[in-house]
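See below for the structure under consideration.
The shown structure was predicted, so the numbers you read here are calculated from the model rather than taken from an experiment. The chains referred to below are lettered A, B, ... by the order of the sequence lines, with proteins before strands, and numbering in each begins at 1.
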There are 2 protein chains.
Amino acid sequence: MTKPQSHDRETFEHMERTPEAQAEGFAIVRQAHESEMAEDYVELIAELIETRGEARPVDIAERLGVKPPTVTKNISRLRTAGLVRRERYRAVFLTEEGQALAEACRRRHRIVVAFLLSLGVDEEAAERDAEGIEHHVSDETLAAFEKNLSQK
Amino acid sequence: MTKPQSHDRETFEHMERTPEAQAEGFAIVRQAHESEMAEDYVELIAELIETRGEARPVDIAERLGVKPPTVTKNISRLRTAGLVRRERYRAVFLTEEGQALAEACRRRHRIVVAFLLSLGVDEEAAERDAEGIEHHVSDETLAAFEKNLSQK
DNA sequence: TACATAAATTAGCCGTGTCTAACTTTGCAA
DNA sequence: TTGCAAAGTTAGACACGGCTAATTTATGTA
């Protein structure tokens, strides 16, 4: 069950993580992927409501770079998840829960972008990279980003 | 084609990105997701070959936290992609191309981890977050991480 | 050598997130 | 007021990356 104490190689450059710890890490990444769609949508919906007064599927589709049927399907998933409220053929609005999630996501997004900018990454790249990175930043790392920012 | 000059709101807190630029950002993230599987596998395979002399599906599965049939299926995709070479029921090896990719991924991984550690993130979290973040770090951002590291 | 066990594969299922084609609804303008 | 264009939805397909159950192959040991 437990590993034998003695090995051919007794010396390690750096201690390897256990297979279990490694597996847990990958599980966390897979889990993050599952919530990415929801996070991207509510974030974008909040942005659209703020700047245009409403979030129309056609605008969501354009900004996400996907086709309208994809938006319809995903919006209905968000509705099932309780993040979004809407009537057929009408604009989309966020529930309380959706708003809370959007707020958290936008805050995290802002921090990641600001942090990358503070590192000297240009605006285009910072914005692009943040889109992918933000979903994988733990609270602890986010705090480290913030701390580092305020110390500049 | 071009946007009308005058708007209801002439003042922006910060200039919004165009829908196209935003859509391109999301497209890049989606693209990154497609190569994540390949990157995680070749990185892990290289690691296993280095530490154990060979990469067996059972070990890959354990460390990835997935079941063996998943590994079989994905390995065959990697073979099709030309990243991996192997005979049925035998261990997996990397092609030249696979090795090059693995090397690039491991380098990026090391830099991301080192950077997070330098920010004061603890080892566990750094390792976990890096797993997700590394696939979304552009060359430019990676360079910024490195530069910041060397300046410590 | 033969067999039990471990490893790997195959077959077949599922949910996600994308697409195209075709249809329905909305709402504006003549 | 009616009719058309734009927006939205539905239906149906597909690839991906997971899974379980059942099967096949490899291997070490009795």
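When the C1' atom of D/dA26 is taken as reference, atom CD of B/Glu54 falls 13 Å away, rounded to whole Å. Between the CD atom of A/Glu87 and the P atom of D/dT9 there is a distance of 12 Å, given to the nearest Å. Between the CD atom of A/Glu62 and the P atom of D/dA6 there is a distance of 14 Å, rounded to whole Å. The distance from atom CD of B/Gln31 to atom P of D/dC16 is 14 Å, rounded to the nearest whole Å. We find that OH of B/Tyr41 is positioned 8 Å from C1' of D/dG17, with the value rounded to whole Å. Rounded to whole angstrom, the span from the CZ atom of A/Arg52 across to the P atom of D/dA7 amounts to 11 Å. Rounded to whole angstrom, the span from the CZ atom of A/Arg79 across to the P atom of D/dT9 amounts to 11 Å. Atom CD of B/Glu34 is separated from atom P of D/dG18 by 14 Å (rounded to the nearest Å).
Members clustered with A/Ile75: A/Met37, A/Tyr41, A/Val42, A/Leu44, A/Ile45, A/Leu48, A/Ile49, A/Ile60, A/Leu64, A/Val66, A/Val71, A/Leu78, A/Leu83, A/Val84, A/Val92, A/Phe93, A/Leu94, A/Leu101, B/Phe26, by chain and number, using a 4.5 Å side-chain heavy-atom cutoff among hydrophobic residues.
In summary, of the residues considered (A/Glu134, A/Glu43, A/Glu146), a salt bridge (charged side-chain N to carboxylate O under 4.0 Å, His left out) with A/Arg107 occurs for A/Glu146 alone.
If you walk DNA chain C from 5' to 3' and mark each nucleotide with an atom closer than 4.0 Å to a heavy atom of chain B, the marks span C/dA7 to C/dT18.
Checked for salt-bridge contact, B/Glu131 and B/Arg63 miss the test: no charged N lies under 4.0 Å from a carboxylate O. Under 4.0 Å is where a charged nitrogen must lie from a carboxylate oxygen, and between A/Arg56 and A/Glu62 no such pair does. Comment: B/Glu39 engages B/Arg108 in a salt bridge, judged by a side-chain N to carboxylate O separation of less than 4.0 angstrom.
A side-chain donor from one of B/Glu127 and B/His109 sits under 3.5 Å from a side-chain acceptor of the other. One side chain, B/His33 or A/Glu36, offers a donor N or O that lies under 3.5 Å from an acceptor on the other.
Between the side chain of A/Arg77 and the backbone N or O of A/Ala81, no donor-acceptor pair lies under 3.5 Å. B/Asp129 contributes a side-chain N or O that, together with a main-chain N or O of A/Ser138, makes up a donor-acceptor pair within less than 3.5 Å.
Mapped onto DNA chain C by nearest heavy atom, B/Ala55 and A/Arg90 fall at different nucleotides, with B/Ala55 at the one closer to the 5' end.
Shown for residues 65-77 of chain A: residues whose heavy atoms fall under 4.0 angstrom of DNA chain D, namely A/Pro68, A/Pro69, A/Thr72, A/Lys73.
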